[in-house]
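Chain letters run A, B, ... following the sequence lines, proteins first, then strands; residues in each count from 1.
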Number of protein chains: 2
Amino acid sequence: MDLKDYLKKKGLKLTKQREKIITHFLNKDKHFSAEELYNAMKKRMPGVGYATVYRTLNLLVRAGLATKISFGENITRFEPLHRNEHHDHMVCIGCGKIVEFKHPKIERLQKEVARRYNFYTQSHALELYGYCKKCRKKNISKEKK
Amino acid sequence: MDLKDYLKKKGLKLTKQREKIITHFLNKDKHFSAEELYNAMKKRMPGVGYATVYRTLNLLVRAGLATKISFGENITRFEPLHRNEHHDHMVCIGCGKIVEFKHPKIERLQKEVARRYNFYTQSHALELYGYCKKCRKKNISKEKK
DNA sequence: ATTTAATTGAAAATGAAAATCAATATCAAC
DNA sequence: GTTGATATTGATTTTCATTTTCAATTAAAT
Ligand SMILES: [Mn+2]
Ligand SMILES: [Mn+2]
Ligand SMILES: [Zn+2]
Ligand SMILES: [Zn+2]
């Protein structure tokens, strides 16, 4: 964990709640919303406050250990960055399932477009919205009724 | 305008404010936020209410003449759909400028990935965040100071 | 012109996220 | 280990974007 380095550098403290929230967040490989993470933490730390979860999540972003992402809902989600492998997302609008994928060729073509427009890209977001295999099947059987 | 068809079909009415808001929105080729459009309309229709702008924008989405998009800010933007040509976006995080681009090859590769994962794509979002040429220059000259 | 239902603007309500603040916990210095 | 400065906590309030409510107004079909 080079979180400790960050905290020391900034004169911040490692509290019990931070430790537990961060451990939970970084271990589960999910795209947590603040609410989801809060609910998960309540079970292990009944006293936690909502605000602490928000604060910790933002701390992780500042420390470079997480990023904010949004999947078309009007809520912010957070994604651990410790694996540090860039990827994009497929989001099932039926069940909410999120599938990660990599596609180097697409990445390359994105750079190409940017260059064409004299645009200096810092980050990008690519999301496919649709139905996963399961939800697709469900939809088809519904339509038949 | 096949907006009138939609209104008739749904038993809705074409009011003065709707007419003006919609005309303004569809003519300017911008990615309006509700607030921006409200401010633009206030000048032409001092009495308009904020709620009416929101309602009209949502009406356009329901009618299939606009879509909601979000560019990483925590506000919703609306994009006219009348040209009906799909495109993706480059967003300048310096000046807010939005550049539209098309890249059929990227689109094709997206479909390919989806197929690979048995994912049935309904829509997608691809946004490049970075600096436009102008803002790039500004940044460089700042760094030198 | 009459009637009916949709629409409007103002204000209140909502929901996610951030800010406030008094009480508490961390941790570096002793 | 104790102390003390200061960062953090949880509860609460505030903010901000968006939606809802509601009484008054307006569109448009008859
Ligand atoms: Mn991911
Ligand atoms: Mn556009
Ligand atoms: Zn699904
Ligand atoms: Zn710019």
K.L.:
Once salt bridge (Lys or Arg N to Asp or Glu O under 4.0 Å) is applied, do any residues pair with B/K102, and if so which ones, sequence neighbours excluded?
P.N.:
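Counting only residues at least two positions away or on another chain, B/K102 forms a salt bridge (Lys or Arg N to Asp or Glu O under 4.0 Å) with B/E85.
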
K.L.:
Can you tell me how far P of C/dT8 sits from CG of B/L57, to the nearest Å?
P.N.:
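After rounding, the reported distance stands at 13 Å.
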
K.L.:
Grab the NZ-P distance between A/K16 and C/dA25 for me, whole Å please.
P.N.:
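Checked: the NZ to P distance equals 8 Å.
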
K.L.:
Extract from the structure each pairing of a protein N or O with an N or O of nucleotides 1-5 of chain C at less than 3.5 Å, listing the distance.
P.N.:
{"unit_1": "C/dA5", "atom_1": "N3", "unit_2": "B/K13", "atom_2": "NZ", "d": "2.9"}

K.L.:
Kindly point out which of C/dA17, D/dT18, C/dT7 is positioned nearest to the side chain of B/Y54?
P.N.:
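Of the candidates, D/dT18 comes closest.
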
K.L.:
Taking for each residue the nucleotide of DNA chain C bearing the nearest heavy atom, is the 5' side occupied by B/A51 or by B/N74?
P.N.:
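Going by which nucleotide is closer to the 5' end, it is B/A51.
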
K.L.:
Under a 4.0 Å N-O cut-off, is there an ion pair linking A/K68 with A/E79?
P.N.:
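Judged by the 4.0 Å cut-off on N to carboxylate O distance, A/K68 and A/E79 do not form a salt bridge.
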
K.L.:
Does a side-chain N or O of A/T52 approach OP1 or OP2 of D/dT8 to a distance below 4.0 Å, or not?
P.N.:
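For D/dT8, OP1/OP2 do not have a side-chain N/O of A/T52 under 4.0 Å.
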
K.L.:
Run the side-chain contact (heavy atoms from CB on, under 4.5 Å) test against B/R115 and tell me which residues pass, sequence neighbours left out.
P.N.:
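With sequence neighbours excluded, B/R115 shows a side-chain contact (heavy atoms from CB on, under 4.5 Å) to B/E112, given in chain and number order.
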
K.L.:
Do the side chain of B/R77 and the base of D/dT18 come within less than 3.5 angstrom through a donor-acceptor pair of N or O atoms?
P.N.:
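No, the side chain and the base share no sub-3.5 Å donor-acceptor pair.
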
K.L.:
Check whether any side-chain heavy atom of B/H124 sits under 4.5 Å from a side-chain heavy atom of B/E107, and report yes or no.
P.N.:
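The answer is yes; the side chains approach within 4.5 Å.
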
K.L.:
From D/dT8, D/dG10, C/dA28, pick the nucleotide closest to the side chain of A/Q17?
P.N.:
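Of the options given, the side chain of A/Q17 lies nearest D/dG10.
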
